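Note that ligands are numbered from 1 as they come in the structure, with each ligand's atoms numbered from 1 the same way. Source: prediction; values computed, not measured.
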Amino acid sequence: MTKFSLKNKVAIVTGGGSGIGKAISTTFAGQGGKIHILDFNMDGAKATVAEINETGATAVAHKCDVSDQKSVNEIINAIAKEEKIDILINNAGIAHVGNIDAVEEEDLDRLYNVNIKGVYNCIKAALPSLKSKGGGSILNIASIASTVGIDDRFAYSMTKGAVLTMTYSIAKDYIKDGIRCNCIAPGRVHTPFVDGFISKNYPGKEEEMFEKLSKTQPIGRMGSTQEIADLSLFLSSDEAGFITGSNYAIDGGFVTLNG
Ligand SMILES: NC(=O)c1ccc[n+]([C@@H]2O[C@H](COP(=O)([O-])OP(=O)(O)OC[C@H]3O[C@@H](n4cnc5c(N)ncnc54)[C@H](O)[C@@H]3O)[C@@H](O)[C@H]2O)c1
C-alpha cells in the first residue's frame, strides 16, 4: 500500500449502495480509508458497509436523500464534528431517457434536484471540514453527456453539463484553500443504473439494447465499476496532488474516437 494509500483519510461517497459508488467505497476502504456512505437506499448502503466491514476496514451507512439540504447538512455536520473529511465523492445520480418532448416539468425538477442540487448540497456542507487542516479532494461523477450530444438524454445531459461546470467553479474558488476538485466522465458502465433504464425503456429488447449500448464505445464494451473506482482512487489520492479543475474521460474512446 505504498502508492494511492488512503490511510487515515475519511471519505464521503454518495450513492455508495450500488454500482459505481459501491465500487468506489470498497476500493477506497481497501486502501485504508474510512468510508461514510450517504444513500437513500439503506439496503444497498448496508450491504456495501457489511462487505467493507468484513475485510476489517471501516464504513458507516447514513440514510440520506442528497436533494434534501437539511438532511445532508445534519449528516455531514455530524461526521465533521467527529473527524476531518478528506475526500468527497459526488456520485449519487439518476437517469432519464427522452428528448425535450418527453421531458415533463417534474422530470426536469427531479433530475435537477438529485444530480445538480445534490452535488451543491454535499459540497456546501462538506467544505468547512474539507478546507480544514490543509485541504482535501472533491470528485464529481459527470458523464460523456457533459460534453457531447447523446440521443434522448435532454434532462440528464443538462444535469451532467452542470456537474462539469460546477467542478470548474469549485476548483477555481477553493484552490487557495487546498481543495482539489475534479470530475470524471464515464461512458457506459455496466451497473444497475444501466440495467434499470434498459428494462424500463426497452422492455423485451434488453439483450439487443445491451449489445447496442456496448458497441457505442469504440473499444466494444461497457466499462466496469472497478475501472471507474480505480481512476477515482488515483484522483482522490495524494499522488494526484497536482491535478485540479480537470475532467477525465473514461469512456472506451466514446468522445474522441467515434466518427
Ligand atoms: N452507469 C453508467 O453508465 C454511468 C455513466 C456515466 C455516469 N454515470 C453516473 O455515475 C453515477 C452512479 O451511477 P450508477 O450507474 O452506479 O448508478 P446506480 O443506480 O447503480 O447507483 C446509484 C446510487 O445512488 C443512490 N441515489 C440515487 N438518488 C439518490 C439520492 N437522491 N440521494 C442519495 N442517494 C441516491 C441510489 O440509491 C444508488 O445506490 C451517477 O451519477 C451516474 O449519472 C453512470
Please report which non-hydrogen protein atom sits nearest to [atom], along with the residue it belongs to and the distance in Å to one decimal place.
| atom | value |
| --- | --- |
| atom 12 (C) of ligand 1 | N91 OD1, 3.1 Å |
| atom 19 (O) of ligand 1 | F193 CB, 3.5 Å |
| atom 6 (C) of ligand 1 | P186 O, 3.4 Å |
| atom 34 (N) of ligand 1 | F40 N, 3.5 Å |
| atom 23 (C) of ligand 1 | G15 O, 3.6 Å |
| atom 32 (N) of ligand 1 | V66 N, 2.9 Å |
| atom 38 (C) of ligand 1 | D39 OD2, 3.6 Å |

Of [options], which has the heavy atom at the shortest distance from [atom]?
| atom | options | answer |
| --- | --- | --- |
| atom 7 (C) of ligand 1 | A142, G93, A47 | A142 |
| atom 9 (C) of ligand 1 | T191, I141, V194 | I141 |
| atom 5 (C) of ligand 1 | S18, G196, A23, G187 | G187 |

contact_flag [X] ligand 1 heavy-atom lt 4.0 Å:
| X | result |
| --- | --- |
| G118 | no |
| T14 | no |
| G44 | no |
| M222 | no |

Under 4.0 Å from a heavy atom of [X]: which atoms of ligand 1 are those, numbered in the order shown and with their elements?
| X | answer |
| --- | --- |
| G19 | 16 (O), 20 (O) |
| C64 | 32 (N), 33 (C) |
| I20 | 10 (O), 16 (O), 44 (C) |
| V189 | 1 (N), 2 (C), 3 (O) |
| D65 | 30 (C), 31 (N), 32 (N) |
| N41 | 37 (O) |
| G17 | 39 (O) |

Can you tell me how the ring of F193 sits relative to the ring of Y156, calling it parallel under 30°, perpendicular over 60° and tilted otherwise?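 F193 and Y156: tilted rings.
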Geometric class of the H190/F210 ring pair [parallel <30°, tilted 30-60°, perpendicular >60°]: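 Perpendicular, since the angle between the ring planes exceeds 60°.
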Side chain proximity check, N247 to Y168, heavy atoms < 4.5 angstrom: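 Heavy-atom side-chain distance check passes, below 4.5 Å.
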Student check: side-chain heavy atoms of V189 and V194 closer than 4.5 Å: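 Of all side-chain heavy-atom pairs linking V194 with V189, none is under 4.5 Å.
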List the atom of [X], the atom of [Y], and the distance in Å for their closest heavy-atom pair.
| X | Y | result |
| --- | --- | --- |
| I116 | A162 | CD1-CB, 3.6 Å |
| E83 | S129 | O-OG, 4.0 Å |
| I250 | E227 | CD1-O, 3.4 Å |
| E239 | K3 | OE2-CA, 3.5 Å |

Do V13 and L235 belong together in a cluster built from hydrophobic side chains that touch within less than 4.5 Å?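 In one cluster: yes.
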Quick one: does D177's side chain have a donor or acceptor within less than 3.5 Å of a partner on I179's backbone?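 Such a contact is absent between D177 side chain and I179 backbone.
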N115 side chain to I94 backbone, donor-acceptor under 3.5 Å: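 Present.
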Give the contacting part of [X] toward ligand 1: side chain, backbone, both or neither, where contact means a heavy-atom distance below 4.0 Å.
| X | result |
| --- | --- |
| A145 | neither |
| H190 | neither |
| V114 | side chain |

Of D101, L111, V103, which is the lone residue that meets side chain to side chain contact (heavy atoms under 4.5 Å, CB included) with F154?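 Answer to the side chain to side chain contact (heavy atoms under 4.5 Å, CB included) test with F154 among D101, L111, V103: V103.
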Can you spot which of I76, I89, D86 makes a side chain to side chain contact (heavy atoms under 4.5 Å, CB included) with I12?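 That would be I76; it is the only one of I76, I89, D86 passing the side chain to side chain contact (heavy atoms under 4.5 Å, CB included) with I12.
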Please confirm whether [X] comes within less than 3.5 Å of ligand 1 when only nitrogen or oxygen atoms on both sides are compared.
| X | result |
| --- | --- |
| Y156 | yes |
| R188 | no |
| G16 | no |

Are K70 and E74 close enough for a salt bridge, meaning some N to O gap below 4.0 Å?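 Result for this pair is yes, salt bridge flagged.
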Check this for me, if you would: do K212 and E208 make a salt bridge, where the nitrogen-to-carboxylate-oxygen distance has to be below 4.0 angstrom?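 Judged by the 4.0 Å cut-off on N to carboxylate O distance, K212 and E208 do not form a salt bridge.
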Nearest 0.5 angstrom please: S236 OG to L88 CG, how far?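 If I round to the nearest 0.5 Å, the distance is 9.5 Å.
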